[in-house]
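Data block below; observations after.
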There are 2 protein chains.
Amino acid sequence: MELLEILKSLSNETRLNILTWLKDPLAHFPEEELSDETPQLGVCVSDIAKKAGMSVPTVSDYLKTMSAAKILLATRKGQWTYYKRNEQLLQDLANHIKYKL
Amino acid sequence: MELLEILKSLSNETRLNILTWLKDPLAHFPEEELSDETPQLGVCVSDIAKKAGMSVPTVSDYLKTMSAAKILLATRKGQWTYYKRNEQLLQDLANHIKYKL
DNA sequence: TAGGTAATTAGGTAATTTCCTAAATTTGTA
DNA sequence: TACAAATTTAGGAAATTACCTAATTACCTA
């Protein structure tokens, strides 16, 4: 777990928002954008970009940054890349702060 | 607790190092720089700057940033400003990540 | 295979962060 | 009062981050 990389990737308001939106996609994305695979796969780049009100390339780069830090997990399926939270890493992060930092 | 402000103040290698050094000053600062008040007060700016290998103004500013985020607590005593960790806030941060984020 | 949609990569400008030196302030002491 | 030590504030150069548009790549389907 690369603590500094993780903290850097969380130190931006939009990226932090994305993380919270992905905690409960049903509550934060329009129903028609979600499928029954959303819980497994996550949400695709353009839907997240729309929600963030930012360009697709910018958000794509943010998501890549967060995946590199392992905060998010990416799944490519056809033309789409879906991103979801890595709950295990977030628990590891919390534990690291609690007991190690 | 201002999550984004806290995460920003932790997203720098030197600031993160300072936080870990202050967890155990005895292990990270020369004995002659410490007093029996160190556990209560913390460590002063110039000692931390020396350990970090950076200028006093830079480190003073880092410490101020971390105090503003309430990660550190400052005590002015005479000409010195001592900084120590705010353990309560770090526990709050860990819990927030674990249960809220 | 051509055209369309989704995503990524490339390249750039603006804003922010990093970290310095010099100057000013605060406090203790001769 | 005057000088010294610790810190903070001010101001600035260099590096990084934030975000955009344009171009390219990946993949699907007619």
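Worth saying up front: this structure is predicted, and the values here are computed from it rather than measured. Every chain is numbered from 1 and lettered A, B, ... according to where its sequence line falls, protein lines coming before strand lines.
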For nucleotides 12-16 of chain C, list the nitrogen or oxygen atoms of the protein found under 3.5 Å from its nitrogen or oxygen atoms, one pair per line.
none

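- The CE atom of A:Met54 sits 12 Å away from the C1' atom of D:dT17 (whole-angstrom rounding).
- Side-chain nitrogen and oxygen atoms of B:Tyr62 include at least one within less than 4.0 Å of the OP1 or OP2 phosphate oxygen of C:dC19.
- One side chain, A:Lys98 or B:Asn95, offers a donor N or O that lies under 3.5 Å from an acceptor on the other.
- Interatomic distance, A:Glu87 CD to A:Leu73 CG, rounded to the nearest 0.5 Å: 9.5 Å.
- Put simply, A:Thr58 has no side-chain N or O that comes within less than 4.0 Å of OP1 or OP2 on D:dA18.
- The shortest non-hydrogen separation linking A:Leu16 to A:Leu10 is CD1-O, 3.8 Å.
- Judged purely by atom type and a 3.5 angstrom limit, A:Thr38 has no side-chain atom pairing as donor or acceptor with the backbone of A:Leu34.
- Between the side chain of B:Ser60 and the backbone N or O of B:Pro57, no donor-acceptor pair lies under 3.5 Å.
- Nucleic acid contact class of A:Ser46 (heavy atoms, under 4.0 Å, all strands): sugar-phosphate only.
- Regarding contacts with the backbone of D:dT7, every side-chain N or O of B:Thr81 stays at 4.0 angstrom or more from both OP1 and OP2.
- Side-chain atoms of B:Arg85 do not come within 3.5 Å of backbone N or O of B:Leu22 as any donor-acceptor pair.
- Among the candidates B:Leu93, B:Leu19, B:Asn86, the single residue satisfying the side-chain contact (heavy atoms from CB on, under 4.5 Å) test with B:Ile71 is B:Leu19.
- Residues from residues 11-41 of chain A that place a heavy atom under 4.0 Å from any atom of DNA chain C: there are none.
- If you measure from atom NZ of A:Lys64 to atom C1' of C:dA10, you get 11 Å, rounded to the nearest angstrom.
- Note: CH2 (A:Trp80) to C1' (D:dT25) measures 16 Å, nearest angstrom.
- Between A:Gln79 and A:Val56, the one whose closest nucleotide on DNA chain C sits nearer the 5' end is A:Gln79.
- The distance from atom CZ of B:Arg76 to atom P of D:dA5 is 16 Å, rounded to the nearest whole Å.
- The nearest whole Å value for the distance from the CG atom in A:Leu63 to the P atom in C:dT8 is 8 Å.
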Return one dot-bracket line describing DNA chain D 5' to 3' (Watson-Crick or G-U wobble pairs, both distances under 3.5 Å; ( ) same strand, [ ] crossing, | another strand, . none). ||||||||||||||||||||||||||||||
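- The residue among B:Cys44 and A:Asp61 whose nearest nucleotide of DNA chain D is located toward the 5' end is B:Cys44.
- OP1 or OP2 of D:dA6 has not a single side-chain nitrogen or oxygen of B:Lys77 nearer than 4.0 Å.
- A:Leu72 contributes atom CG, which lies 11.0 Å from atom NZ of A:Lys84 (distance to the nearest 0.5 angstrom).
- Between the CG atom of B:Asp92 and the CD1 atom of A:Ile97 there is a distance of 11.5 Å, given to the nearest 0.5 Å.
- Side-chain atoms of A:Ser67 do not come within 3.5 Å of backbone N or O of A:Lys70 as any donor-acceptor pair.
- Nucleotide C:dT18 holds its P atom 12 Å from the CE atom of B:Met66, rounded to whole Å.
- A distance-only check finds a donor-acceptor pair linking the side chain of A:Arg76 to the backbone of A:Gly78 [under 3.5 Å].
- In this structure, the OH atom of A:Tyr82 is 17 Å from the C1' atom of C:dT8, given to the nearest Å.
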